[in-house]
Amino acid sequence: MSGLLHGPTAEPAAAPRRRRVAVVGVALSDCGRVDGPTPYALHAQAARRALADSGLDRRVIDGFASAGLGTLAPIEVAEYLGLRPAWVDSTSVGGATWEVMAAHAADAIAAGHANAVLLVYGSTARADIKARRRTSNLSFGARGPLQFEVPYGHTLISKYAMAARRHMHEYGTTLEQLAEVAVQTRANAAANPDAMFRDPLTVDEVLAGEMIADPFTKLHCCIRSDGGCAVLLAAEDYVPDTAKAPVWILGSGTSVSHTTMSEWEDFTVSPAAVSGRLAFERAGLTPADVDLAEIYDAFTYMTLVTLEDLGFCGKGEGGAFVEKGRLLCGGELPVNTDGGGLSACHPGMRGLFLLVEAVRQLRGEAGPDRQVTKPGGHGHLPEVALASGTGGWFCSSGTVILGRG
């Protein structure tokens, strides 16, 4: 023992070098109204397209992440795709799942626990309801803490609506400002040929819609669609062999908040306040460095409050911030440039679509009418993008910052 305490000591081992991690492939499956394929088929279609987009051989994939499908997700889906991964993740925290998974995958690759991780999602939520294979759900369950809310008809939509009303009460946010989010998101969708709804909207049309949960009319709420997508992350070692320029993971952060509304301390603050702060700290960047943001938008209020919590404007200033076209593809801070869940597609846990659109924008692949440009930037392309997913009813958040440099 004395030797251990007082004897000569060896030099500490050098910390292993952490590898840089890039998104090297992204793709959508068929989206919108997709009546024929199964969810498994959409997973496979998106995975094949993302792999083709990367230019890599499927044999490099040694990690796999999936949630929302199969008895033993992600094992069942991996088997369907013919993969035998040595690293897996089935984290399921609602819409934030994919940003959280991307953070996990990036850490695993950086540490050398995996080399290339495929994230894939697919859902036929719309088609299943149309074919009466499933029904709409009023709640996520009636066991555990949720049992104290479900008997009172406290639906998922009503929880978001209550939070929006609290923000309106605290800060004077108006229905017209919330409607602006839907209007500008639809304008972005108009330039996206893959968007499910592309016809222009006005604030008056949003306000005059069918009431779903006060203050949300129908157009304050996301659409229901079918669709899937996939994202392939890989270690920097593989970048020389990829078909396109890499988009690097610069930083990420995750956070959880609550499941029971009575345990949510402040309805006007989302867990993005934590995940965003961590992501910016780890990336060594600030909100002022971000050229575009892809934000989970199951409801208009989500976009507004997440912009506040990520630091793009002060708390309570979201209503004023979303006015005057700031969210448009040519605006001060382009947000949900594909049309988001409010107009483009929303087949369920939409968070992975945010990463796909962010990568395509950074690559300059969004098309002439919605490609974000940066005056004075290299090739005038954006350099930094942010994707922030929200799960449950502001129960969880994952934020990922991506860049071309």
Side-chain angles (χ1 to χ4, degrees), residues 14-24 26 96 98-114 117 119 231-239 242 244-256 269-296 306-315 321 332-335 337 351 354-364 372-390 396-405:
R17 184 180 72 86
R18 289 178 65 82
R19 300 183 295 182
R20 296 183 74 197
V21 180
V23 178
V24 297
V26 297
W98 306 101
E99 281 69 35
V100 173
M101 282 185 172
H104 293 173
D107 285 343
I109 294 170
H113 298 162
V117 177
L119 284 65
V231 171
L232 181 62
L233 288 77
E236 59 185 314
D237 317 62
Y238 292 91
V239 166
T242 57
K244 298 177 179 179
V247 169
W248 301 98
I249 303 292
L250 303 181
S252 63
T254 65
S255 178
V256 298
V269 178
S270 79
V274 176
S275 70
R277 174 179 56 80
L278 293 173
F280 281 118
E281 288 175 356
R282 292 162 182 170
L285 298 172
T286 70
D289 297 309
V290 174
D291 298 315
L292 64 106
E294 308 298 336
I295 293 174
Y296 207 99
T306 304
L307 285 168
E308 293 180 351
D309 292 335
L310 291 173
F312 292 111
C313 60
K315 178 52 61 180
F321 184 85
E332 180 180 322
L333 178 68
V335 173
T337 49
L354 310 181
L355 292 168
V356 172
E357 177 65 11
V359 169
R360 286 179 167 176
Q361 285 284 351
L362 291 173
R363 286 177 174 177
V372 174
T373 58
K374 181 176 181 178
H378 176 67
H380 301 290
L381 290 178
E383 297 176 3
V384 177
L386 174 146
S388 188
T390 302
S396 63
S397 177
T399 301
V400 178
I401 300 174
L402 308 103
R404 291 192 297 116

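The figures that follow rest on heavy atoms only: side chains count, while hydrogens, waters and symmetry mates do not. Since we're looking at a predicted model, the values are computed, not measured.
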Separation of Leu355 CG from Arg360 CZ (nearest 0.5 Å): 12.5 Å

Apply salt bridge (Lys or Arg N to Asp or Glu O under 4.0 Å) to Arg20 and list each qualifying residue two or more places apart in sequence or on a separate chain. none

OG1 of Thr254 to CE of Met101: how many Å apart, nearest 0.5 Å? 13.0 Å

State, to 0.1 Å, how close Gly398 and Ala96 come at their nearest heavy-atom pair, and which atoms those are. N-CB, 3.7 Å

Side chains of Val239 and Trp248: closer than 4.5 Å at any heavy-atom pair? yes

Is any side-chain heavy atom of Leu402 closer than 4.5 Å to a side-chain heavy atom of Val384? no

Side chain Arg19, main chain Asp237, donor-acceptor under 3.5 Å: no

Where do Ala102 and Leu119 come nearest, in terms of heavy atoms and distance? N-CD2, 3.8 Å

Return yes if some donor-acceptor pair links the side-chain N/O of Asp107 with the main-chain N/O of His104 below 3.5 Å, else return no. no

So Leu285 and Leu250, do their side chains get closer than 4.5 Å, heavy atoms only? yes

Step by step, work out the side chain to side chain contact (heavy atoms under 4.5 Å, CB included) result for Leu386 and Phe280. CA-CA 10 Å; Leu386 174 146; Phe280 281 118; 3.7 Å; yes

Which atom of Ala110 lies closest to which atom of Val21, heavy atoms considered: N-CG2, 3.8 Å

Give the intermediate values and the outcome of side chain to side chain contact (heavy atoms under 4.5 Å, CB included) for residues Ile109 and Val117. CA-CA 8 Å; Ile109 294 170; Val117 177; 3.9 Å; yes

Quick one, Leu354 and Glu99 - any side-chain contact, counting heavy atoms below 4.5 Å? yes

Give every donor-acceptor pair under 3.5 Å between a side-chain atom in residues 306-314 and any protein atom, sequence neighbours left out.
from, atom 1, to, atom 2, distance (Å)
Thr306, OG1, Met302, O, 2.6
Glu308, OE1, His167, NE2, 3.0
Glu308, OE1, Lys315, NZ, 2.9
Glu308, OE1, Gly316, N, 3.4
Glu308, OE2, His167, NE2, 3.0
Glu308, OE2, Gly316, N, 3.1
Glu308, OE2, Glu317, N, 3.3
Glu308, OE2, Gly318, N, 2.7
Asp309, OD1, Lys315, NZ, 2.8
Asp309, OD2, Ser270, N, 2.7
Asp309, OD2, Ser270, OG, 2.8

Can you tell me how far apart OG (Ser252) and CD1 (Ile401) are? Round to the nearest 0.5 Å. 8.5 Å

My understanding is that only residues two or more places apart in sequence, or in another chain, count here; which of them pass salt bridge (Lys or Arg N to Asp or Glu O under 4.0 Å) with Arg282? none

Check whether any side-chain heavy atom of Val23 sits under 4.5 Å from a side-chain heavy atom of Ile249, and report yes or no. yes

Side chains of Val247 and Arg363: does their closest heavy-atom pair fall under 4.5 Å? yes

Return the CG to NZ distance between Asp291 and Lys374, rounded to the nearest 0.5 Å. 4.0 Å

Spatial distance of atom OG1 (Thr399) from atom CZ (Arg277) [nearest 0.5 Å]: 11.0 Å

Rounding to 0.5 Å, atoms OG1 (Thr286) and CD (Glu281) come to a distance of 12.0 Å

Side chains of Ser397 and Ser275: is there a donor and an acceptor less than 3.5 Å apart? yes

Would you find a donor on one side and an acceptor on the other, under 3.5 Å apart, between the side chain of Glu294 and the backbone of Thr337? yes

